[in-house]
Amino acid sequence: MAEQAKWYVVHTYSGYENAVAASVMKAAENRKMTDLIEEVRIPMETVTEYTDAGEKTVERKIFPGYVLIKMILTDDSWHLVHNVRGATGFVGSDGKAVPLTEQEIYDLGVEVKTVNLDYAVGDTVKVTDGPLAGFLGKVEDIDVPGNAVSVVVSMFGRETPVDLELDQVEALTDE
C-alpha cells in the first residue's frame with residue numbers, strides 16, 4: 001500500500017473513550033486489519049489537584065468524547081471504526097473523515113518529532129531550510145525543549161544572530 005497512515009479524530013459518547021479505543025484495536029486484530037489501523041490514542045494530561053485532603057496527581061482526558069486513530073482510510077477501515085459501539089463517527093464535513101494536519105498533530109503532541117543533533121555549540125553548520133538556506137554559521141546556543149538553535153551567520157559583511165528550528169541546520173561535514 002502506497003498510502004501513508006494519517007491521524008483521524010473519532011467522536012464518541014461521553015465516557016466511552018477507553019471502550020472505543022480498546023474495541024477498535026481488538027476489531028482490527030480480529031479482522032487482521034492492523035496494517036490499516038496502526039494506533040489508537042486518547043490524549044491525556046497529568047494535573048495536580050489541590051483539595052482539603054492535600055494534593056493529588058490525576059490523569060485527565062484533554063478532549064473528552066474524542067479518540068485519535070492513526071490509520072489508512074479505506075472503506076473497510078472506515079466501517080470498522082464507524083461500527084464500534086460508542087463511536088458516533090469521524091470528525092469532518094459532510095460525513096467524510098478529515099485527517100489532522102501536520103501542525104495539528106504537532107500542537108496536540110500526538111507524535112513527537114525527534115531530531116538527532118550532530119552539532120554542538122561552537123560548531124560551524126549549514127542552514128538547510130528557510131530564507132537563509134545555504135548560509136554557513138556558527139552555533140551560539142541550542143534549546144532542545146524549545147526546538148530552537150541560535151546561529152550567527154555572516155550577511156552583507158556583518159555577523160547576524162538568527163534563531164532557527166533544530167532541523168533547519170546540519171553539521172558541516174568534511175568532504
Phe90/His11 aromatic ring centres below 6.0 Å: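 Not close enough - the centres of the two rings lie 6.0 Å or further apart.
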Please report the closest heavy-atom contact between [X] and [Y], naming both atoms and the distance.
X	Y	value
Met71	Ser77	CE-OG, 3.2 Å
Ala171	Asp118	CB-O, 3.1 Å
Leu100	Glu104	CA-OE1, 3.3 Å
Asp167	Thr128	O-OG1, 3.7 Å
Leu80	Met33	CD1-SD, 3.7 Å
Val121	Asp141	CG2-CA, 4.2 Å

List the steps, then state whether side chain to side chain contact (heavy atoms under 4.5 Å, CB included) holds for Leu68 with Phe63. CA-CA 10 Å; Leu68 302 176; Phe63 305 110; 5.8 Å; no
Could you work out, with salt bridge (charged side-chain N to carboxylate O under 4.0 Å, His left out) as the rule, every residue matching Glu49, not counting sequence neighbours?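 In terms of salt bridge (charged side-chain N to carboxylate O under 4.0 Å, His left out), with neighbours along the sequence ignored, Glu49 is linked to Arg60.
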Can you tell me how far the NZ atom of Lys70 sits from the NZ atom of Lys6, to the nearest 0.5 Å?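 Nearest 0.5 Å value for the NZ-NZ distance: 11.5 Å.
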I would like to know whether Val98 and Val91 meet side chain to side chain contact (heavy atoms under 4.5 Å, CB included); could you show each step before the answer? CA-CA 7 Å; Val98 176; Val91 172; over 6 Å; no
Quick check: is Phe156 connected to Val152 through a chain of hydrophobic side chains (ILVMFWY, heavy atoms under 4.5 Å apart)?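 Looking at the clustering, Phe156 is in a separate group from Val152.
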Working for side chain to side chain contact (heavy atoms under 4.5 Å, CB included), residues Phe135 and Val169: CA-CA 10 Å; Phe135 277 81; Val169 298; over 6 Å; no
Please step through side chain to side chain contact (heavy atoms under 4.5 Å, CB included) for the pair Tyr66 and Lys61, ending with a clear verdict. CA-CA 9 Å; Tyr66 295 94; Lys61 293 177 181 78; over 6 Å; no
Asn30 atom CG, neighbour heavy-atom count above 12 within 6.0 Å: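 Check passes, neighbour count above 12.
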Using the six-membered ring wherever Trp is involved, compare the ring planes of Trp78 and His82 and label them parallel, tilted or perpendicular (cut-offs 30° and 60°).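 Parallel.
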